[in-house]
Amino acid sequence: MVDVLEAIVFYELTLGALSVPLLVIWLTAGGLFLTLWLRMRPWRDLRHTLDILRGRFSRYDDEGEVTSFQALATELSGTVGLGNIAGVAVAITVGGPGAVFWIIVSGMFGMALKMSEATLAQKYRRVNIDGTIDGGPMYYLRDGLADIGRPRLGRVLALIFGACMMVAATGAGNIFQSNQMTAQIIGATGGEASWFAERGWLIGVVLATVVGIVILGGLKKIAQWTGRITPIMAVLYIGCVLVVLGVNIQHVPESLGLIFSGAFTGEGVTGGVVGVMVVGIQRALFSNAAGVGTAGMAHAATKNRRPAAEGMVASWEPFIDSVVVCTMTALAIIVTGEYKSSESDGVALTTDAFATVHAIFPWLLTVCIALFAFSTVLAFSYYGRKAAGFVFNRSRVAERVYDVVYLTMIVLGSAVTLETVVRFSDALFFLVTIPNLVGIYFLSNVLRREINGHREKVQAGEIDPVPEAERSTIFGRPVAERVTEQPEPASRGV
């Protein structure tokens, strides 16, 4: 069954000696179309985007569960992780330094995809009586397509998306993460001689316990954790990379040259330039998840009255993930020369590059991987839960049952090798890009009107910032609590 599913989702077109996954063409074409259709201009929209992140246009008492910053952190927590550490190393091993150039290009095209997902998710979200939000691709596929006269197609696409995401989140979001985190901890503490070598399940129990405590608090609690963890892990990881680059500063110009020249030569890669392009694009898609729809789930619940504003925030996620973090990882590997001398692959190759600076650096990388894995597990617990709620008609009981299953799979992932389950989940994870992008194509006119209309209002000065006393901080607290007026004390008289 898994073999058949993989053959469909990852079907490859053969062009001579080169095989190109159809999924890569599908997502790249979607990103290119939306980039042109929406007239992407990230740098011109940057100042307004920063104002949105700071909360200048949203009120503390607006409908929503999280702030734009917390939604950004939640989505980055789900995408910035092992794909940026192990995936980049794989790309360099297979395609050489030139693959990094195409990771960057793919990340730029992915910005339009995430903008589309977040904008539509905000537009078609549902606000419940208790203040919680239901939103994401399931809802804009169903309700958005119904608005343009295609209700039956919308219901079918939404159900396919929800069912696939519900299962995929347990594999891509927790089994793989807990398994790789456990492997890294065991490797860092002595490998086969490590105390954890036969007790990997203990790491899974600890991770599941902490995750369980957090997710029981719902999206607000998840967003609070990711909003704090994401900056910490970013600073720690980027700091380590900067030290590696600083020690090898003399090799940085040469490494940048290898990235650019290798992108157009493809030496040593089957298929030449096209081959290295496919390798880079494929790793970027697996890393930033543009087109998968998770950005829509994260940003649907924000305190924001303008859908396009949330889309502008989400558009920067692939840039941070694929352009910034992936490039820094790549440079750390290339400047040390480990990709030529080391026999390691994946996360082990990145570990070898870090080890060239100091023996403590592999330990710091282990801490980063643990934080990356933890934050990813948190983010995907929310995505899977909301998908389960939709499939079972917004049932909160179904969502809680899903939580239990999700936590159980964390322990299983750390204890045994579940190759078939992971393959099955990964295939479903990218299968959801089909209904998601089909729906976005149908809603492209709605999408462009929403985004262009917002830009026109911003340029005309028709969108005024919210009074400071009514805003929230980036973590969702009031900027200034209202001061209750106290009656003046009575005069004492004579």
Side-chain angles (χ1 to χ4, degrees), residues 21 23-32 34-35 40 42-43 45-46 49 72-118 172 230 233-234 237-238 241 245 255-256 258-260 262-263 276-295 298-299 311-334 346-347 350 368 372 375-376 379 426 429-430 433 437:
L23 177 69
V24 171
I25 299 175
W26 172 249
L27 289 174
T28 303
L32 180 58
L34 290 170
T35 297
M40 278 298 295
W43 302 111
D45 292 331
L46 178 58
T49 302
L72 176 77
T74 298
E75 177 62 5
L76 285 175
S77 295
T79 58
V80 175
L82 291 173
N84 303 83
I85 299 175
V88 172
V90 170
I92 294 174
T93 302
V94 176
V100 180
F101 177 86
W102 297 110
I103 290 178
I104 295 171
V105 171
S106 183
M108 297 297 290
F109 285 149
M111 296 178 74
L113 283 168
K114 295 245 179 175
M115 172 184 267
S116 303
E117 293 169 358
T230 301
M233 67 185 191
Y237 184 69
I238 292 175
V241 172
L245 296 181
S255 299
L256 291 172
L258 288 173
I259 290 174
F260 184 78
V276 74
M277 183 188 304
V278 170
V279 170
I281 293 174
Q282 188 169 349
R283 296 325 308 174
L285 294 175
F286 275 72
S287 176
N288 62 46
V292 174
T294 54
H299 289 274
M312 290 179 180
V313 173
S315 69
W316 285 94
E317 289 157 3
F319 182 88
I320 296 171
D321 179 284
S322 299
V323 179
V324 177
V325 181
C326 285
T327 301
M328 295 191 74
T329 301
L331 283 173
I333 294 172
I334 297 170
V347 69
T350 310
C368 291
F372 286 150
S375 62
T376 299
D426 283 349
F429 186 63
F430 286 97
T433 65
L437 274 182

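This structure is a prediction, so every number in the text was calculated from the model and none was measured.
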Please report the shortest heavy-atom distance between [X] and [Y], naming the atom on each side.
X    : Y    : value
T49  : D45  : OG1-O, 2.8 Å
A263 : W102 : O-NE1, 3.1 Å
T350 : A89  : OG1-CB, 3.8 Å
A118 : A314 : CB-CB, 3.4 Å
E117 : A290 : OE2-C, 4.2 Å
V241 : M328 : CG1-O, 3.3 Å

Hey, what do you get for [atom1] ([X]) to [atom2] ([Y]), rounding to the nearest 0.5 Å?
X    : Y    : atom1 : atom2 : result
S106 : L32  : OG    : CG    : 11.0 Å
M115 : M312 : CE    : CE    : 5.0 Å
T35  : F109 : OG1   : CZ    : 6.0 Å
S315 : I320 : OG    : CD1   : 9.5 Å

Assess whether side-chain contact (heavy atoms from CB on, under 4.5 Å) is satisfied between L113 and L437, documenting all intermediate values. CA-CA 9 Å; L113 283 168; L437 274 182; 3.5 Å; yes
For S322 and N288, test the side chains for any donor-to-acceptor distance below 3.5 angstrom and give the result as yes or no.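 A pair is found: one side chain offers a donor N or O, the other an acceptor, under 3.5 Å apart.
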Given F319 and W43, is the ring pair (Phe, Tyr, Trp, His ring centres under 6.0 Å) satisfied, shown in steps? CA-CA 11 Å; F319 182 88; W43 302 111; 5.5 Å; yes
Side chain of [X], backbone of [Y]: donor and acceptor closer than 3.5 Å?
X    : Y    : answer
T28  : I25  : no
S116 : A112 : yes
E75  : E317 : no
T327 : V324 : no

Test side-chain contact (heavy atoms from CB on, under 4.5 Å) on L331 and I259; report intermediate values, then the result. CA-CA 9 Å; L331 283 173; I259 290 174; 4.0 Å; yes
Does the side chain of [X] reach to within under 4.5 Å of the side chain of [Y], using non-hydrogen atoms?
X    : Y    : result
L27  : V292 : no
V323 : M108 : yes
S375 : M233 : yes
I334 : I92  : yes
K114 : D321 : no
L46  : W316 : yes

Can you list the steps and then say if Y237 with T329 is a side-chain contact (heavy atoms from CB on, under 4.5 Å)? CA-CA 9 Å; Y237 184 69; T329 301; 2.5 Å; yes
Hits for side-chain hydrogen bond (donor to acceptor under 3.5 Å, both in side chains) against S77, two or more places apart or cross-chain, chain-then-number order -> T230
